[in-house]
Amino acid sequence: MFYSFYWKRKDLPPGPTPLPLIGNLFSIDKLGLERFFTDIKDQYGDIHTFWFGENPIVSISDVPTILETFVKDGDTFAGRPTNMLVTDMTRHGRNGLIFTDGPLWREHRRFALHVLRDFGMGKNLMQERVLDEVTILIDEIKKQISAGHKHVSVQDAIDLAVGSIINALLFGYGFSKNNTDEFYELKTHLRDFMRAVGNPLVRFCDRNPFMFKVLPFIYRDLTRTTNKLEKFFMKQLEAHEKEINFDSDIEPTDYAEAFLKKRKELEVEGLKDHTFTNKQLYAACLDLWIAGQETTSNTLAWMVMYLMLNPEVQKKVHAELDQVIGSDRFITVEDKTQLHYINATVAETQRFCNLVPLNVNHRLVKDVEIKGYRIPANTTILHQISTVLFDERYFPEPLKFKPERFLDSEGKFFQPSSLMPFGVGKRACLGEGLARLERDL
Ligand code: HEM
């Protein structure tokens with residue numbers, strides 16, 4: 001009792017009392033993530049500790065401290081927790097982009113960003129792909145309306161478009177033509193996978209490999225869905241590998257091709273001990289799919305919903321579109337600087353939909369002192385985006401949907417540092433550029 005209620009907590013920032021074994025899970029379940037985090041910030045201050053099982057998580061909720069730590073001292077805060085059984089099971093060890101750290105993560109984050117940038121800025125390939133999907137999406141919705149459908153699911157159309165963009169980025173083809181079945185199959189696998197990963201019992205045992213040995217049935221669903229997903233991705237990868245011309249000098253046009261060509265290059269150079277392995281490729285594809293699909297698709301679906309619920313905002317958006325773009329062409333990224341009210345509406349959507357109520361855990365790679373607390377290396381720590389986005393100090397009347405909060409006195413859009421839906425620092429969202437493109441176009 002003395003250990004549970006006092007000793008293990010004595011040097012950490014304050015927070016709600018954790019129960020032995022389950023930590024604060026009862027309160028989180030009762031209040032929901034957003035309310036729980038806002039309540040503990042109000043009660044214990046901007047730096048506090050909550051517990052997932054026996055694992056403490058230090059959370060920072062104010063912008064100046066987040067910038068001082070995660071941004072200014074980025075490398076110190078760039079680790080990911082090491083003892084995560086579920087991650088290791090689903091990615092065959094510490095592979096991929098989201099949960100790796102150290103040299104492997106640095107090399108593959110840089111590689112993925114390089115690939116994304118090559119498809120984006122220079123050649124505008126990404127913009128073309130996104131605009132193709134926008135055309136298909138609008139045509140599909142128009143088709144359903146003129147066919148007299150009483151219910152048109154904009155969300156489904158957005159979901160398919162976003163899925164097509166991610167798949168084209170990874171494997172070079174979309175889903176919007178004759179292969180929608182493939183998309184729905186993958187969505188089903190991913191849904192089952194996320195359910196299995198999110199199973200409270202699985203989460204509870206995540207950091208205790210011992211539990212896996214004692215209660216292997218807990219992980220049955222997880223193993224089954226992981227196998228299905230892996231089979232799906234490996235089938236696509238194997239088919240793709242057969243089509244690639246490794247002797248051609250033409251630049252790769254998707255991530256898998258770039259990855260496989262890089263591997264070939266390293267092998268030709270005689271480097272056998274490299275990290276461009278099949279396990280890494282599978283895990284990176286899984287991470288890019290998981291991180292890039294629902295996030296963007298749900299943000300866009302929320303935007304449509306907010307416009308429906310706020311007709312006065314919708315009217316102003318329309319007026320700006322009529323004035324700046326007209327009705328005979330698509331918006332391109334070049335138009336962005338002139339669309340102040342639309343930028344503000346998009347920013348307010350990302351604030352208000354608060355897509356990541358619990359940010360991804362980071363790990364301190366060395367001891368630090370924050371606001372008088374000495375926090376040892378390897379402590380799990382995060383910046384809590386969700387409490388920042390609803391903090392009165394940065395966003396007065398946070399529960400109101402008000403695009404105007406992002407317009408200055410001349411009606412020009414500005415983006416404050418407190419608007420951080422993609423996170424900040426070295427581990428900020430790797431797909432931010434792509435997500436912005438999809439969001440804006
Ligand atoms: C509206 C859309 C999106 C939002 C709100 C979002 C938000 C985030 C957040 C909050 C993080 C965690 C930051 C942290 O660890 O502190 C993250 C990480 C990540 N995101 Fe996104 N994301 C979005 C779209 C995307 C897209 C489209 C992709 C892929 C193409 C993507 C790929 C990733 C990856 C790979 C990471 C892990 C980065 C790392 O650990 O180094 N995200 N994202």
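Reckoned from all heavy atoms, side chains included, excluding hydrogens, waters and symmetry mates. Order of appearance sets the numbers: ligands from 1, and atoms from 1 within every ligand.
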- prompt: Going through the distances and angles, do Arg436 and Glu432 end up as a salt bridge (Lys or Arg N to Asp or Glu O under 4.0 Å)?
  reply: CA-CA 6 Å; Arg436 284 175 183 274; Glu432 180 171 348; 2.6 Å; yes
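Remark: minimum distance from atom 37 (C) of ligand 1 to any protein heavy atom is reached at Ile98 CG1, 3.9 Å. Nearest protein neighbour of atom 1 (C) of ligand 1, counting heavy atoms only, is Thr299 OG1, 3.4 Å. Closest to atom 13 (C) of ligand 1, if we only count protein heavy atoms, is Arg427 O, 3.3 Å. Residue, atom and distance of the protein heavy atom nearest to atom 30 (C) of ligand 1 are Leu434 CD2, 3.7 Å.
Every atom of ligand 1 with a heavy atom of Arg109 under 4.0 Å away is listed here by number and element: 38 (C), 39 (C), 41 (O). Listed by atom number, the atoms of ligand 1 under 4.0 Å from Val360 heavy atoms are 12 (C), 15 (O). Those atoms of ligand 1 that come under 4.0 Å of a heavy atom in Gln350, given as number and element, are 1 (C). For ligand 1 and Leu97, the ligand atoms under 4.0 Å from any heavy atom of the residue are 39 (C), 40 (O), 41 (O). Taking every non-hydrogen atom of Arg80 and a distance limit under 4.0 Å, the qualifying atoms of ligand 1 come out as 15 (O), 39 (C), 40 (O). Contact atoms of ligand 1 toward His383: 16 (O) (distance under 4.0 Å to a heavy atom of the residue). The contact set between ligand 1 and Pro421, taken as ligand atoms under 4.0 Å from a residue heavy atom, comprises 5 (C), 7 (C), 10 (C).
Residues Asp192 and Lys228 are not paired through a salt bridge, judged by the lack of any N-O separation under 4.0 Å between the basic side chain and the carboxylate. Between Asp11 and Arg374, none of the side-chain N atoms (NZ, or NE/NH1/NH2) sits under 4.0 Å from a carboxylate O, so this pair counts as no salt bridge. Checked for salt-bridge contact, Lys316 and Glu404 meet the test: a charged N lies under 4.0 Å from a carboxylate O. Here Glu294 pairs with Lys187 in a salt bridge; the nearest charged N to carboxylate O distance falls below 4.0 Å. Under 4.0 Å is where a charged nitrogen must lie from a carboxylate oxygen, and between Arg351 and Glu348 at least one such pair does.
Within the 4.0 Å heavy-atom criterion, the part of Asn359 lying near ligand 1 is the side chain and not the backbone. For Arg439, no heavy-atom contact with ligand 1 is shorter than 4.0 Å. At a heavy-atom distance under 4.0 Å, only side-chain atoms of His362, from C-beta outward, approach ligand 1. When non-hydrogen atoms are compared, ligand 1 lies under 4.0 Å from the side chain of Trp105 (C-beta onward) but not from its backbone. Residue-level proximity to ligand 1 for Ile385 is carried by the side chain, the only part with a heavy atom below 4.0 angstrom.
The shortest separation from a heavy atom of Gln293 to ligand 1 is not under 4.0 Å, leaving the residue out of contact.
The six-membered or imidazole ring of Phe406 lies away from that of His340, with a centre-to-centre distance of 6.0 Å or more.
When the options Asp62, Asp46, Val63, Val424 are evaluated for a side-chain contact (heavy atoms from CB on, under 4.5 Å) with Val388, the one that passes is Val63. Of the residues Asp287, Thr100, Thr226, the one that meets the side-chain hydrogen bond (donor to acceptor under 3.5 Å, both in side chains) test with Arg91 is Asp287. Of the residues Arg263, Glu238, His92, the one that meets the side-chain hydrogen bond (donor to acceptor under 3.5 Å, both in side chains) test with Asn278 is Arg263.
Within the 4.5 Å cutoff, side-chain heavy atoms of Glu241 are placed close to those of Phe246. Looking at Tyr394 and Ser417, their side chains never come closer than 4.5 Å, going by heavy atoms from C-beta outward.
Ligand 1 has no nitrogen or oxygen under 3.5 angstrom from a nitrogen or oxygen of Thr296.
Residues meeting the ring-ring contact (aromatic ring centres under 6.0 Å, His included) test with Phe37, sequence neighbours left out: Phe50.
Side-chain atoms of Asn354 and Ser386 form no donor-acceptor pair, as typed in the model, at a separation below 3.5 Å. Counting only N and O atoms by type, the side chains of Gln314 and His318 include no donor and acceptor under 3.5 Å apart.
Near atom 21 (Fe) of ligand 1, less than 2.8 Å away, sit the protein N, O or S atoms Cys429 SG.
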